[in-house]
Amino acid sequence: MGKKESLEDGVAVPLLEPSYSDIRGGTSTSIQTIGNIIVSIVGTGVLGLPFAFKISGYLTGAIGVIIAALSTFYCMNLLVYCRDSIEKEEPGQVKTYGDIGQKAFGLPGRYLTETLIIISQCGGSVAYLIFIGQNLSSIFKHQNIPVSWFIIALIPMEIVLSWIQSLSTLSPFSVFADICNVLAMGIVFKQDLQLFDGISERKAITTEGIISQGLVFSCGIAVFCFEGFGMTLALERSMKDKKKFKWVLGYAFLGITFVYICFGIFGYLAYGDATLDIVTLNLPDDWSSTAVKIGLCLGLAFTFPIMVHPIHEIVEGKLKESMWFQKLCYSDKEEVFEKRERYGLYLCRASQVIGQALIALCVPGFGVFVSLVGSTVCALLAFVLPSAFHLIFVGSSLALWQRALDIIILFCGFCFAVYGTYNAIVGGSS
């Protein structure tokens with residue numbers, strides 16, 4: 001990268017070069033940051049990739065993952081650069097994605113950004129419930145227990161867990177869930193190699209892939225698989241040497257993308273047209289597969305509160321500011337007011353869990369739902385808003401090709417959200 005120039009001089013600035021990052025403290029090394037990126041990005045969505053490759057074909061699916069990876073990586077850097085450009089004038093004023101939204105469009109920008117974050121996190125938590133329900137149902141399939149029963153049985157446990165204020169209490173379970181994810185992928189790889197019977201038996205491009213529906217479907221699942229976009233600023237801020245963030249992020253994305261493509265291809269090659277929307281459901285009924293399924297379900301059940309924590313923060317922040325809630329909790333005695341407020345927030349969290357469970361009961365399939373969430377709110381958060389923010393804050397200082405690239409990403413991201421939503425809904429109902 002070349003020498004940094006002042007925005008006031010009206011000259012083009014480097015597209016992704018961080019400028020004022022070094023004024024914020026951080027302690028994480030490059031290796032630690034790579035680990036944090038992997039933990040933030042890799043989730044249950046990866047187990048739906050073989051199904052996406054079945055729909056689109058393994059070549060189209062691989063292209064979809066690459067497109068999603070490159071676009072997400074680029075836009076994550078855009079978000080960091082937007083924050084840095086704002087802090088040139090207002091140091092320390094931007095800490096969250098919502099802060100950038102407010103700087104760009106005022107309060108409507110904050111509301112839009114935070115609403116999309118809420119829907120995105122809600123989609124992830126609903127996917128958790130669907131995943132747990134379907135895997136437990138597969139374990140007890142001889143008893144013919146429906147998926148809905150397991151989801152309903154989870155509600156009391158998740159309500160109690162949602163009342164825990166300290167996320168550090170739940171962090172060991174998050175690590176446990178990640179370990180189970182790795183073990184599940186390893187066992188699937190093992191089964192894939194045992195069942196592998198040659199590429200000639202599988203389709204590189206399906207009929208849906210030819211007419212782009214398969215590509216959009218696989219891109220939707222891939223975008224969901226690169227979840228954690230809202231963690232971008234926190235990850236960069238945690239680094240000791242923030243100038244290396246772009247390269248650290250690039251190395252992490254390169255490795256994750258390679259694993260995703262291999263996992264999707266091998267899973268589809270192993271099971272072909274029999275590939276289910278959660279590939280662990282294809283695993284044989286042996287002790288190792290059952291242990292991994294139970295481990296995944298336990299890990300996700302205890303990390304569910306972590307997934308919905310951003311929702312609680314946003315909703316409860318607005319709730320505490322509302323006049324009707326203050327009147328509802330009002331008391332001359334401070335301890336009574338605090339007690340009423342606490343119980344009110346508990347009730348709010350319980351209502352959110354019940355609402356997410358009801359949504360999970362209505363979802364027709366894991367793969368379709370993941371593609372829908374990835375195609376809508378995840379696409380808007382990951383592509384449309386960052387490119388729009390970049391144009392707003394530094395657009396006049398960018399070269400023509402840089403502005404054109406932002407406009408292309410914004411336009412394509414919006415079209416992808418619209419068409420991907422239609423494609424997922426139509427595909428899920430057919």
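Position 1 is the first residue of the sequence, and the numbers go up from there.
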task: Please examine the side chains of Val65 and Phe53, heavy atoms only from C-beta on, and report whether any two atoms are closer than 4.5 Å.
output: yes
Strictly distance-based, threshold 3.5 Å: is any side-chain N or O of Ser137 a donor or acceptor partner for the main-chain N or O of Gly133?
no
Side-chain touch Phe304/Leu129, heavy atoms, less than 4.5 angstrom: yes
Exercise. Verify the distance criterion only: is there a donor paired with an acceptor across the side chains of Asn282 and Thr275 at less than 3.5 Å?
Key: no
Flag, side chain of Arg403 to backbone of Leu398, donor-acceptor distance under 3.5 Å = yes
Contact check, side chains of Val353 and Val308, non-hydrogen atoms, under 4.5 Å: no
Exercise for review: Could you tell me whether a side-chain N or O of Ser125 sits under 3.5 Å from a main-chain N or O of Cys122, the two making a donor and an acceptor?
Suggested key: yes
Original post:
So, does Ser56 use its side chain to make a donor-acceptor pair with the main chain of Ala52 at under 3.5 Å?
Top reply: yes
Flag, side chain of Thr257 to backbone of Leu254, donor-acceptor distance under 3.5 Å = no
Margin query: If you define the side chain from C-beta out and look only at heavy atoms, does anything of Gln134 sit under 4.5 Å from Ile130?
Written below: yes
Note to self: If you define the side chain from C-beta out and look only at heavy atoms, does anything of Tyr346 sit under 4.5 Å from Ile159?
What the structure shows: no
Donor-acceptor under 3.5 Å (Gln121 side chain, Ile118 main chain): no
Are Arg83 and Asp99 ion-paired here, with the side-chain N under 4.0 Å from a carboxylate O? no
Looking at Phe414, I want to see if its CZ is surrounded by more than 12 non-hydrogen atoms of other residues, nucleotides or ligands under 6.0 Å.
no
> Thr72 side chain to Ala69 main-chain N or O, any donor-acceptor pair under 3.5 Å?
Replying inline: no
Exactly one candidate in Tyr260, Tyr74, Phe383 meets ring-ring contact (aromatic ring centres under 6.0 Å, His included) with Phe226; the answer is Tyr260
Testing the 3.5 Å rule here: is there a donor-acceptor pair between the side chains of Ser138 and Asn135?
no
Any non-hydrogen side-chain atom of Phe105 less than 4.5 Å from a side-chain atom of Phe389?
yes
Q: For residues Phe393 and Tyr81, establish whether the separation of their ring centroids is below 6.0 Å.
A: no
Can you tell if the side chain of Asp406 reaches within under 4.5 Å of the side chain of Leu410, non-hydrogen atoms only? no
| said: Are Leu385 and Leu112 packed together at the side-chain level, in the sense that at least one heavy-atom pair is separated by less than 4.5 angstrom? | reply: yes
